[in-house]
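First the structure, in the form of structure tokens, and then the observations on it.
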Protein chains: 2
Amino acid sequence: MKSSSRLSAVLHALMHMAAHRGPMTSEVLAQCMSTHPVVVRRTMSGLREAGLVTSTKGHNGGWSIACDMEKTTIRDIHEALGEPAVYAIANSNDAPQCLLEQAVNAALDDAMKEAEALLLARFQSLTLAQIAGDFTERLRQRHRHKDH
Amino acid sequence: MKSSSRLSAVLHALMHMAAHRGPMTSEVLAQCMSTHPVVVRRTMSGLREAGLVTSTKGHNGGWSIACDMEKTTIRDIHEALGEPAVYAIANSNDAPQCLLEQAVNAALDDAMKEAEALLLARFQSLTLAQIAGDFTERLRQRHRHKDH
DNA sequence: TTTCATGTAACTTTATCTATTACATGAAAT
DNA sequence: ATTTCATGTAATAGATAAAGTTACATGAAA
Ligand code: FES
Ligand code: FES
């Protein structure tokens, strides 16, 4: 299976952008995420269309957050990315004639839809602000360790 | 994403085998599943090692079910296949230094592990016999329709 | 001993995600 | 105005993983 890491990458970028005053260039974001600037633009374009970020050209240009961190959820990001497939498991035939295969698919689909619903619900209950909060918590923990 | 359809394919094959007297050859199974006999052998080998099926060579050889349909669950099959990755979503970096990325990964991992646990629990509660039962139910439904 | 069927390794094909190149567009600095 | 910076996007190449195919070995039944 070849899995996508867009969601993870975009969230990381957003955290960066939130912690940064002023726009960040694709170049800088790409370096942090060890990827290519064009990949950043490409991935980010969905968020721009959804109005979650803005991009400006020219000097002092780059990417900025344009959404409320308290209200924007991971699910919003996931949707802005085009709701890529969640599962690496699929039916071998989506519209089988064979009743045996239909029974198999129904059983799998049932379980997978339920799990996907749970995942999306969890995504929906997680805001960008919460992740940012977790970050500052981790920062505190690290400093506490250093002090001892 | 390129998703795997092994689980679906294997379950279909098992249903076939359950509904069939005597061993079925990889060739026949492959035709039903519109794939290649070698793919069948390769995929099935995990189930054989787990003792869920047996294979015999030579004349009248082929694959037979060797497990209790009432007790064997989809999760057993999934494990016999080597527990392939469930998700098409992954972290872009599994052991990041960056605390921001750690916070992002923790949030995603959390949600995904919970959903995966639910999925595996559902898999565990679904036996081969239940799927076979669903099949006969579908068969009845179809015949009922024909009668009207 | 011939035929059938699995067992497995090696290789090819196909699909998809990521990376890169190339060039166009537009905004700020000079 | 012109240069510089940065995005926007299409087109192409590379990397990875699943599925398909070929080839040959093993072993059992006819
Ligand atoms: S790499 Fe994540 S904070 Fe810079
Ligand atoms: S294709 Fe033969 S029963 Fe499924």
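In what follows, chains are A, B, ... by sequence order, proteins preceding strands, each numbered from 1.
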(request) Taking only the side-chain nitrogens and oxygens of A/S55, find out if one of them lies under 4.0 Å from OP1 or OP2 of D/dA6. (result)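 A/S55 to D/dA6 OP1/OP2: no side-chain N or O under 4.0 Å.
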(message) Can you confirm whether the side chains of A/W63 and A/T54 place a donor and an acceptor under 3.5 Å from each other?
(response) no
(request) State, without any angle test, whether A/Q31 and A/E27 hold a side-chain donor-acceptor pair at a distance under 3.5 Å. (result)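 Per modelled atom types, A/Q31 and A/E27 side chains form no pair under 3.5 Å.
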At their closest point, which heavy atom of [X] faces which heavy atom of [Y], and how far apart are they?
| X | Y | value |
| --- | --- | --- |
| B/C67 | B/L128 | SG-CD1, 4.2 Å |
| A/A50 | A/A80 | CB-CB, 3.8 Å |
| B/M69 | B/I65 | SD-CD1, 3.8 Å |
| B/M33 | B/A13 | SD-CB, 3.8 Å |

(request) For A/T127, check side-chain contact (heavy atoms from CB on, under 4.5 Å) against everything at least two apart and list the hits. (result)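 Checked A/T127 against side-chain contact (heavy atoms from CB on, under 4.5 Å); matches are A/T73, A/A129, A/Q130.
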(message) Please give me every residue in residues 35-49 of chain B whose heavy atoms get under 4.0 Å of an atom in DNA chain C, ordered by residue number.
(response) B/V38, B/R41, B/R42, B/R48
(message) Counting only heavy atoms and a strict 4.0 angstrom limit, can you tell me which residues of residues 7-25 of chain A come near DNA chain C?
(response) none
(message) Please say yes or no: joined through hydrophobic side-chain contacts below 4.5 Å, possibly via intermediate residues, are A/V28 and A/L47 part of one cluster?
(response)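 Shared cluster, yes.
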(message) Between B/K113 and B/E116, does any side-chain N to carboxylate O distance fall below 4.0 Å?
(response)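 Looking at B/K113 and B/E116, the cut-off is not met.
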(request) Compare all side-chain heavy atoms of B/R122 with those of A/D110 and state whether any distance is below 4.5 angstrom. (result) yes
(request) Rounded off to whole Å, could you give me the CD-to-P distance for the B/Q31 and D/dT21 pair? (result) 13 Å
(request) Mind calculating the distance between CD (B/E27) and C1' (C/dT6) to the nearest angstrom? (result) 12 Å
(request) Output the rest of the hydrophobic cluster of A/L118: all Ile, Leu, Val, Met, Phe, Trp and Tyr residues reachable through side-chain heavy-atom contacts under 4.5 Å, sorted by chain and number. (result)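 In the cluster with A/L118 are B/L118.
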Got a list of protein N/O to nucleotides 27-30 of chain D N/O distances below 3.5 Å?
residue, atom, partner, partner atom, Å
D/dG27, O4', B/K57, NZ, 3.3
D/dG27, N2, B/G58, N, 3.0
D/dA29, N3, B/H59, ND1, 3.3

(message) Measuring from atom CG of B/L81 to atom CD1 of B/I74, what distance do you get when rounded to the nearest 0.5 angstrom?
(response) 11.5 Å
(request) Return the stems involving DNA chain D, sorted by first number, where pairs are Watson-Crick (N1-N3 with N6-O4 or O6-N4) or G-U wobble (N1-O2 and O6-N3), both under 3.5 Å, and runs are 3 or more long. (result) C:1-30 with D:1-30
(request) Applying ring pair (Phe, Tyr, Trp, His ring centres under 6.0 Å), run through B/H20 and B/H16 and close with a yes or a no. (result) CA-CA 6 Å; B/H20 190 264; B/H16 257 284; 8.4 Å; no
